[in-house]
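Below is one structure, written out as structure tokens; the observations come after it.
FYI, side chains are in, hydrogens and waters are out, and symmetry mates aren't considered; it's all heavy atoms of this structure. The residues of the chain are indexed from 1 along the displayed sequence.
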Amino acid sequence: MAAIPQTFISQLLSMCDIEDIVSSYANVKRQGRNKSCLCPFHSEKTPSMVIYNDTQSFYCFGCGVGGDVITFIMKIENLDYVEAVKFLANRVGLQIPEEARDDKTAYLKSRILEINRASARFYYDCLKSDIGKAGYDYFKTRQLSDKTITKYGLGYAPDSWDLLKNHLLGLGFNYEEMYLAGVISKSQRTSRYYDTFRNRVMFPIIDTKGNVIAFGGRVLDNSKPKYLNSADTPVFKKSRNLFSLNFAKNSKSDRMILAEGYMDVIAINAAGFDNVVATLGTALTKEQAKIIGNKAKEVIIAYDSDEAGQTATHRAINLFSDEGIPTKILKLTGAKDPDEYIKKFGVKRFEMLLDGAGDIIEFELNKLKATLDLEDINDKKAYLKGAVSVLSNVTDPLERELYAGIVSKETGIATESIMSQVKSKIKKDSREKQRREWNDIRINKKVLSDRINPQKPKFLKQSLAEEGIIAFLFRNPDYYDYILSKIGVEDCVTDFNKRVFKKLSECISKQGEVTLTALSEDFSSDEKSRIAQILAQSESQRQTKELLDGYIATLTEYNKSLKSKDIAATDIGDIEQYRKNLLKKKSN
């Protein structure tokens with residue numbers, strides 16, 4: 001970017017206390033000299049996110065997310081770095097400097113959003129004109145009112161190759177911008193541009209800030225694909241957005257309904273339930289599950305009753321379970337989807353259906369029975385085996401016994417026998433888990449799978465020393481000259497820590513201090529979380545010179561011990577220079 005000046009970032013940070021910012025999203029409580037809260041990025045009952053005022057950073061010991069106040073806003077508001085800076089600036093009443101406004105990426109994003117807005121208006125106007133009669137008639141056959149059509153900004157893409165393209169050209173947009181926005185496509189054979197959406201009813205996808213970020217289009221005939229969705233663009237990521245979240249975010253309900261498609265969402269919303277969203281032409285992702293978990297205490301999955309819908313339900317259950325989000329399943333009887341159910345049975349019956357939604361245990365047991373004949377001895381055995389496996393994952397003993405009673409009635413097997421098998425399975429699973437954990441410890445698996453610092457397992461002692469120096473330097477930049485007199489960047493053993501140490505050195509030499517924000521341009525979100533983790537884990541240690549000297553000694557001892565094979569392969573001049581460097585450091 002025409003980078004936002006560091007002076008502005010420093011001013012912004014001085015006005016954005018991390019505790020104050022986090023407090024607007026979570027209930028922050030004192031924990032010793034720091035503060036803690038329930039992590040907003042994953043579901044939990046015991047606070048595991050800690051806010052460190054001395055480094056203006058946060059770190060969650062539960063999910064591993066960490067960083068500075070800008071990182072926090074990026075994650076909680078689903079923004080990129082520049083957008084997060086602008087968000088915070090607006091919050092505290094600061095104006096982004098003029099020189100930072102010619103950012104090419106930000107400019108391109110703004111142009112794409114303008115194109116999307118103009119395209120949505122074009123599609124809407126077409127729907128309301130003679131050219132869009134087929135699309136308007138389709139929405140009317142689906143019993144959508146004009147009010148609902150306007151609320152969602154529904155439209156129609158004409159059966160034409162260039163009407164939208166020419167319309168946007170007339171508004172001053174160029175081909176490259178339209179192509180990057182995804183509203184036009186390019187022929188590989190002729191290199192000509194043409195409208196991406198043709199002869200489809202259109203569903204604008206709007207983010208929580210009110211921007212049109214993408215489109216979904218449904219055909220009016222039997223051509224394929226039935227639904228066409230925008231590809232990822234600079235302003236849109238399928239895996240991180242949800243249809244109708246712009247309405248659901250303002251819902252007063254503490255539960256969220258997850259529907260399968262655009263029409264289901266619109267029908268449910270039109271029936272008076274604004275707490276409904278859908279994925280965007282893909283299966284539910286982990287990111288979307290987290291977004292839903294951040295907005296609601298419970299989710300009701302309202303997918304279609306067909307086989308594809310039930311398979312998608314099973315996948316969604318697993319994702320919500322991984323995030324610790326309480327989940328219920330809507331059981332549709334007499335209709336293939338929520339839209340049809342509301343039309344056939346009315347809003348009140350649908351509300352009763354929501355209130356009586358079954359839990360995931362009931363869903364899993366019903367799914368097991370669906371393909372089995374309980375009158376057949378082999379099928380009954382298969383069902384019992386599957387049911388025991390399902391019930392072994394139920395944590396509440398009372399609930400577990402309740403469902404064991406239901407299985408008992410279905411199979412004629414005594415509840416006590418079923419519970420005995422369940423308890424045996426729980427013990428077996430517990431032993432297997434302990435065995436895996438022991439193996440992980442024995443082979444140091446968690447360290448071996450370190451994505452951020454893959455060299456750490458090979459150089460564990462040295463890497464921990466490097467992390468100690470990094471944390472010490474963060475909190476005590478006045479020790480920079482002392483540290484540099486003993487070791488340099490080249491003495492770091494692992495590449496990741498070497499990058500961190502080098503950046504810290506640059507910041508301190510220029511500004512006399514360092515913040516996590518100063519690392520934003522050089523390190524990814526996951527890398528900044530690791531740095532926040534390094535700071536968090538060192539926080540309980542008393543920062544003494546003796547501790548620092550121990551870290552330095554670990555690195556210097558390692559670097560002094562050149563292996564014979566390395567010496568044999570090293571140029572004599574390099575060895576002499578290495579010896580001189582050691583003597584120089586020793587004399588200091």
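Under the salt bridge (charged side-chain N to carboxylate O under 4.0 Å, His left out) rule, E527 has a single partner from K503, R499, R451, which is R499. Evaluated for a side-chain contact (heavy atoms from CB on, under 4.5 Å) with I301, the options L284, T313, L330, I257 yield exactly one hit, T313.
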- Message: Would L332 and L353 count as a side-chain contact (heavy atoms from CB on, under 4.5 Å) here? Give the steps.
- Response: CA-CA 8 Å; L332 295 167; L353 196 67; 3.7 Å; yes

- Message: Set out, in order, the CA-CA distance, both residues' side-chain angles and the distance that settles side-chain contact (heavy atoms from CB on, under 4.5 Å) for L79 and K209, then state yes or no.
- Response: CA-CA 11 Å; L79 303 174; K209 298 185 290 296; 3.3 Å; yes

- Give the C-alpha distance, both sets of side-chain angles, the deciding distance and a yes or no for side-chain contact (heavy atoms from CB on, under 4.5 Å) between S48 and H42. CA-CA 10 Å; S48 61; H42 78 286; 3.7 Å; yes

- Query: Yes or no on side chain to side chain donor-acceptor pair (under 3.5 Å) for S251 and K295, after CA distance, side-chain angles and deciding distance?
  - Reply: CA-CA 9 Å; S251 175; K295 305 290 183 183; over 6 Å; no

- Query: Where do K86 and E83 land on the side-chain contact (heavy atoms from CB on, under 4.5 Å) test, with the steps shown first?
  - Reply: CA-CA 5 Å; K86 290 179 179 177; E83 290 169 337; 5.6 Å; no

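With hydrogens and angles disregarded, no donor-acceptor distance shorter than 3.5 Å links the side chain of N246 to the backbone of G210. A donor-acceptor pair under 3.5 Å is absent between the side-chain atoms of E298 and the main chain of T327, judged by distance alone. At distances below 3.5 Å, not a single donor-acceptor pair connects side-chain atoms of S185 with backbone N or O atoms of T196. Side-chain atoms of S244 do not come within 3.5 Å of backbone N or O of L242 as any donor-acceptor pair. Between the N269 side chain and the V265 main chain, no donor and acceptor come within less than 3.5 Å of each other. For S57 (side chain) and A532 (main-chain N/O), no donor-acceptor pair under 3.5 Å exists by modelled atom type.
Ring pair F41/F58 is tilted by interplanar angle, where 30° to 60° counts as tilted. Taking the six-membered ring where tryptophan is involved, the planes of F350 and Y341 are tilted, since the angle between them lies from 30° to 60°.
By the 6.0 Å contact criterion, CE on M15 is enclosed, its count of non-hydrogen atoms from other residues, nucleotides or ligands being greater than 12. Within a 6.0 Å sphere centred on NZ of K331, other residues, nucleotides and ligands contribute 12 heavy atoms or fewer. Annotation: E176, atom CD; neighbour count of heavy atoms from other residues, nucleotides and ligands within 6.0 Å does not exceed 12. Counting non-hydrogen atoms of other residues, nucleotides and ligands closer than 6.0 Å to CG of D221 gives a total above 12. The number of heavy atoms from other shown groups lying within 6.0 Å of NZ (K237) is above 12. Heavy-atom neighbours of K297 NZ from other residues, nucleotides or ligands within 6.0 Å: at or below the threshold of 12. Other residues, nucleotides and ligands place no more than 12 heavy atoms under 6.0 Å from the OH atom of Y179.
Side chains of F87 and M74 form no contact here, defined as non-hydrogen atoms less than 4.5 Å apart. With a 4.5 Å cut-off on side-chain heavy atoms, F236 and N116 do not count as touching. The closest side-chain heavy-atom distance from F243 to V277 is not below 4.5 Å. Proximity of M202 to Y124: side-chain heavy atoms (C-beta onward) are nowhere separated by under 4.5 Å. Put simply, the side chain of Y193 does not reach to within 4.5 Å of the side chain of M178, judged on heavy atoms. Two residues are said to be in side-chain contact when any heavy atoms from C-beta on lie closer than 4.5 Å; F139 and L127 meet this criterion. In this structure, the side chains of F197 and L164 stay at 4.5 Å or more apart for every pair of heavy atoms. With contacts defined as side-chain heavy-atom distances shorter than 4.5 Å, the pair W161/R192 does not qualify.
When all heavy atoms of V22 and C37 are compared, the pair lying nearest together is CG1-SG, 4.0 Å. For the residue pair P47 and L38, the shortest heavy atom distance occurs at N-CD2, 3.6 Å. Minimum interatomic distance between D304 and Q310 (heavy atoms only, all atoms of both residues): O-NE2, 3.2 Å. Minimum interatomic distance between A118 and L171 (heavy atoms only, all atoms of both residues): CB-CD1, 3.8 Å. Taking both residues in full, the closest heavy atoms of I300 and A357 are given as CG2-CB, 4.2 Å, listed atom of the first, atom of the second, then distance. Residues I18 and V69 come closest through the heavy atom pair CD1-N, 3.8 Å.
Residues D339 and Y262 bring no donor and acceptor atom of their side chains to less than 3.5 Å of each other. Side chain to side chain, S253 and N275 meet the donor-acceptor criterion of an N or O pair below 3.5 Å. Side-chain contact check for Y303 and D337: no donor-acceptor pair (N or O, by modelled atom type) lies under 3.5 Å. For the residue pair Y59/Q533, the side-chain donor-acceptor check at 3.5 Å is satisfied. In the model, T285 has no side-chain atom that pairs as donor or acceptor with a side-chain atom of K238 under 3.5 Å. Side-chain atoms of T71 and D68 form a donor-acceptor pair, as typed in the model, at a separation below 3.5 Å.
Using a 4.0 Å cut-off between charged nitrogen and carboxylate oxygen, K343 and E340 do not count as a salt-bridge pair. Under 4.0 Å is where a charged nitrogen must lie from a carboxylate oxygen, and between K336 and D264 no such pair does. Taking the charged nitrogens against the carboxylate oxygens, R121 and D125 do have a contact shorter than 4.0 Å, which makes a salt bridge. A salt bridge is defined here as a Lys NZ or Arg NE, NH1 or NH2 lying under 4.0 Å from an Asp or Glu carboxylate O, and D522 with K528 fails to meet this definition. A salt bridge is absent between K151 and D274: the closest approach of a Lys/Arg side-chain nitrogen to an acidic carboxylate oxygen does not fall below 4.0 angstrom.
Between N211 atom CG and I205 atom CD1 the span is 13.0 Å, to the nearest 0.5 Å. Taking CG from D20 and CZ from R91, the interatomic distance works out to 5.5 Å, rounded to the nearest 0.5 Å. Here T517 contributes atom OG1 and I9 contributes atom CD1; the two are 7.0 Å apart, rounded to the nearest 0.5 Å. With values rounded to the nearest 0.5 angstrom, K290 atom NZ is found 11.0 Å from L319 atom CG. Here the CE atom belonging to M263 is positioned 4.0 Å from the CZ atom belonging to R142, to the nearest 0.5 angstrom. Taking CD1 from I342 and NZ from K344, the interatomic distance works out to 13.0 Å, rounded to the nearest 0.5 Å.
In this structure, F247 has its ring center under 6.0 Å from that of Y152. Checked against the 6.0 Å centroid threshold, Y25 and F72 count as a close aromatic pair.
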